[in-house]
**Student:** 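Got a structure for you, questions after.
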2 protein chains.
Amino acid sequence: MSDAQAPEKRRAPVKEGKGSKEGEERHEAIYRAVSDAIVEQRLKPGARLREDALADVFGISRTGIRKILQRLALEQLVTLTPRRGASVTRPTADEAKDVFDARQLIECGLMPDVARRMGEKEAAELRDMAREERQALRSGQQSVAIRLSADFHVRLAQLSGNATLAEFVERLCSRSSLILAVYGHPGHLGCESHDHDDLIGYLEAGNGERAKAFMSRHLKAIEASLSMVEEAESAPDLQQIFGG
Amino acid sequence: MSDAQAPEKRRAPVKEGKGSKEGEERHEAIYRAVSDAIVEQRLKPGARLREDALADVFGISRTGIRKILQRLALEQLVTLTPRRGASVTRPTADEAKDVFDARQLIECGLMPDVARRMGEKEAAELRDMAREERQALRSGQQSVAIRLSADFHVRLAQLSGNATLAEFVERLCSRSSLILAVYGHPGHLGCESHDHDDLIGYLEAGNGERAKAFMSRHLKAIEASLSMVEEAESAPDLQQIFGG
DNA sequence: CGGCTATTTATTGTATACAGTCATTGTCTC
DNA sequence: GAGACAATGACTGTATACAATAAATAGCCG
């Protein structure tokens, strides 16, 4: 090769085979990892998410982390304050009310459409999800159960055939998980364990109105199970820790 | 100045006084500029948005542009294909149906709440917006009128007091503007010019149910005014331009 | 002359370096 | 001893440089 006149020039810093083709999926995986960690309360509301730390953990640079953080911010799972960085969103009581009101309007309104499109295969899939949720609850993994419950509601909304509304429901459910994590009672999950099974029954029978009414009560029950007391702010945990 | 030993070295790239403190507002302004350009059809569906070009136009680096593009992508105003870059979203007929179904559900469901919270000041503000919209329409600026109509619907939703649902309506209205730009008839704006005034009347009278029914008809009328024929794809505009 | 392949070019994806700002801590003064 | 101010450190905001890839074009072979 006659162009080998600059042997000192460092070669391509290709780390491994994964140049950047799989970067898309990797980013998606990291996004989901962080999202799940937030929803399952392994990252508690108020927790700071430093870019360097995340970049270090996941082995990519800050650029990719920022992208993910911005997406999470737009979904309101993390709060992005101008020069302070990112932190897990701590939902306020007002926001909680808005979210559950929105779920009332959208999810209930979707039930007739879902009932119309419900078939055997869909019902079976939903029953599987409901069973998995019960199982998680029985084995004491409440945080996991909260996420699985959200997954159930999202899948339901997707069955309506309206992708736009399903996406809205997805975001509302993520935020609901956060709200449950903050305002829910430790021992008591909002969703009664067989509520979802009953709902599937109504839907499978094609009874949209019945399902709508049931969903309304279901959501009201979850909201009613919350204790709307503001918990400690970000810092003064010390008071509580040392007993004053 | 004893440190003038390296006159060739380019100084700190501080362009002007605006180091980075006003960067927030600048980004927001650029975001709105692009968003408005899309909604007002100055950037037509399918148009490619190259990062370099945008960075050059707005005088910031690609980093900031990417951030804005990602935000627009999450709002589904631009489509981001993996290695092809960003382009203005070309809504499909299915998406259009989803969007208008979603508006039916959400905006109609919001009317009772809006009627309950409607006061004189709010009604006056809305009337001003409606008048401005009529004015734009009369002066032939149809694209501007579409955007103003969207603003009206968004403001209405904000008056419901539910910030979450108002944000959803905002996104739906942006997408609706895009849909109108693609599928609407050139001479005929979906919204009848005094529809909005009539609606304000019902709301001011506290008649939420009447307003709800009217909004439903209003949205149906807009949707019905669309001609759901797929236009030319992204490239073959040439066919149309040169008359085949 | 048409279709296929190789090269080139244009554009995005990613990392890194640098500068600015906020918070915290340490010190000095009242 | 307490409060204010200054210095230091940590973290984010932004730009730029480099590598990879897909599109476009030119060349070649059939």
Side-chain angles (χ1 to χ4, degrees), chain A residues 1 3 6 8-31 46-73 78-88 233-236 238, chain B residues 3 6 9-31 46-73 78-88 233-236 238:
Chain A
M1 305 311 180
D3 56 8
E8 299 275 341
K9 196 165 275 179
R10 54 204 172 287
R11 211 65 52 86
V14 208
K15 297 183 178 182
E16 290 168 282
K18 47 178 178 186
S20 68
K21 178 152 46 180
E22 314 169 17
E24 287 298 320
E25 306 165 12
R26 176 129 190 78
H27 275 48
E28 187 67 21
I30 296 174
Y31 160 78
R48 295 195 48 173
L49 302 171
R50 285 186 302 106
E51 297 177 351
D52 277 338
L54 289 173
D56 198 31
V57 166
F58 290 109
I60 66 175
S61 121
R62 276 179 52 214
T63 311
I65 295 295
R66 287 178 69 89
K67 194 165 107 183
I68 291 166
L69 248 28
Q70 276 165 29
R71 178 168 165 195
L72 288 166
V78 314
T79 302
L80 224 53
T81 54
R83 307 262 162 195
R84 299 297 317 279
S87 60
V88 179
E233 288 297 313
S234 43
L238 299 174
Chain B
D3 56 5
K9 195 166 275 181
R10 49 204 176 290
R11 210 65 52 86
V14 209
K15 297 182 175 184
E16 291 166 282
K18 46 178 176 184
S20 67
K21 176 151 49 180
E22 313 169 16
E24 289 298 321
E25 305 165 13
R26 176 130 191 79
H27 275 46
E28 188 67 22
I30 295 174
Y31 161 77
R48 294 196 46 167
L49 303 171
R50 285 187 301 107
E51 297 177 351
D52 276 338
L54 288 172
D56 198 31
V57 165
F58 290 110
I60 65 174
S61 120
R62 277 178 51 213
T63 312
I65 295 294
R66 289 178 66 90
K67 193 166 106 183
I68 292 165
L69 247 30
Q70 276 165 31
R71 179 169 165 193
L72 288 166
V78 314
T79 302
L80 225 51
T81 54
R83 307 261 164 197
R84 300 295 318 280
S87 60
V88 179
E233 288 297 314
S234 44
L238 301 174

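The sequence lines fix the lettering, A, B, ..., with proteins before strands; numbering per chain opens at 1. As the structure is a prediction and not an experimental result, all values here were calculated from the model.
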**Student:** On DNA chain C, does the nearest nucleotide to D52(B) precede the nearest nucleotide to G64(A) from the 5' side, or the other way round? Give the residue.
**Tutor:**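 Result: D52(B).
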**Student:** Quick check: does any side chain N or O of R26(B) sit under 3.5 Å from a backbone N or O of F58(B), one acting as donor and the other as acceptor?
**Tutor:** yes
**Student:** Could you give the CD-to-P distance, from E25(B) to dG13(D), as a whole number of Å?
**Tutor:** 15 Å
**Student:** Let me see the working for T63(A) and T63(B) under side chain to side chain contact (heavy atoms under 4.5 Å, CB included), right down to the final yes or no.
**Tutor:** CA-CA 9 Å; T63(A) 311; T63(B) 312; over 6 Å; no
**Student:** Picking from dG13(D), dT14(C), dA15(C), which would you name as closest to the side chain of E51(A)?
**Tutor:**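 So the nucleotide nearest the side chain must be dG13(D).
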**Student:** Please check: side-chain N/O of R50(B) versus main-chain N/O of A55(B), any donor-acceptor pairing under 3.5 Å?
**Tutor:** no
**Student:** Atom CZ of R62(B) and atom P of dT16(D): how far apart are they, to the nearest Å?
**Tutor:** 11 Å
**Student:** Between CG of L49(B) and OG1 of T79(B), what distance do you get to the nearest 0.5 Å?
**Tutor:**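 Answer for the CG-OG1 pair, L49(B) versus T79(B), is 10.0 Å.
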**Student:** Looking only at non-hydrogen atoms, find the nearest pair between Y31(A) and R71(A) and report the distance.
**Tutor:** CE2-NH2, 3.3 Å
**Student:** So, is T63(B) close to the dT14(D) phosphate, meaning a side-chain N or O under 4.0 Å from OP1 or OP2?
**Tutor:** no
**Student:** Taking only N and O in the side chain of R83(A), is any of them less than 4.0 Å away from OP1 or OP2 of dT21(C)?
**Tutor:** no
**Student:** From C-beta outward on S61(A), which listed nucleotide comes closest to its side chain: dT14(D), dA15(C), dT14(C)?
**Tutor:** dA15(C)
**Student:** Does dA23(C) have its OP1 or OP2 closer than 4.0 Å to a side-chain nitrogen or oxygen of R84(A)?
**Tutor:**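 True: R84(A) side-chain N/O within range (under 4.0 Å) of dA23(C) OP1/OP2.
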**Student:** Given atom CZ of F58(A) and atom P of dT14(C), what is their separation to the nearest angstrom?
**Tutor:** 16 Å
**Student:** Rounded to the nearest angstrom, tell me the gap between atom CD1 in I65(A) and atom C1' in dG13(C).
**Tutor:** 15 Å
**Student:** OP1 or OP2 of dC11(D) versus the side-chain N and O atoms of R50(A): is any pair under 4.0 Å?
**Tutor:**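 Checking dC11(D) against R50(A), a side-chain N or O does come within under 4.0 Å of OP1 or OP2.
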**Student:** Just how far, in rounded Å, is P of dT11(C) from CG of L69(B)?
**Tutor:** 14 Å
**Student:** Roughly, in whole Å, what's the span from CG in D56(B) to P in dT12(C)?
**Tutor:**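 For the pair D56(B) CG and dT12(C) P, the rounded distance is 13 Å.
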**Student:** Find the distance L54(B):CG to dA15(D):P and express it as a whole number of Å.
**Tutor:**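 That distance rounds to 14 Å.
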**Student:** To the nearest Å, give me how far apart NE2 (H27(B)) and C1' (dT12(D)) are.
**Tutor:**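 Interatomic distance, NE2 of H27(B) to C1' of dT12(D): 13 Å.
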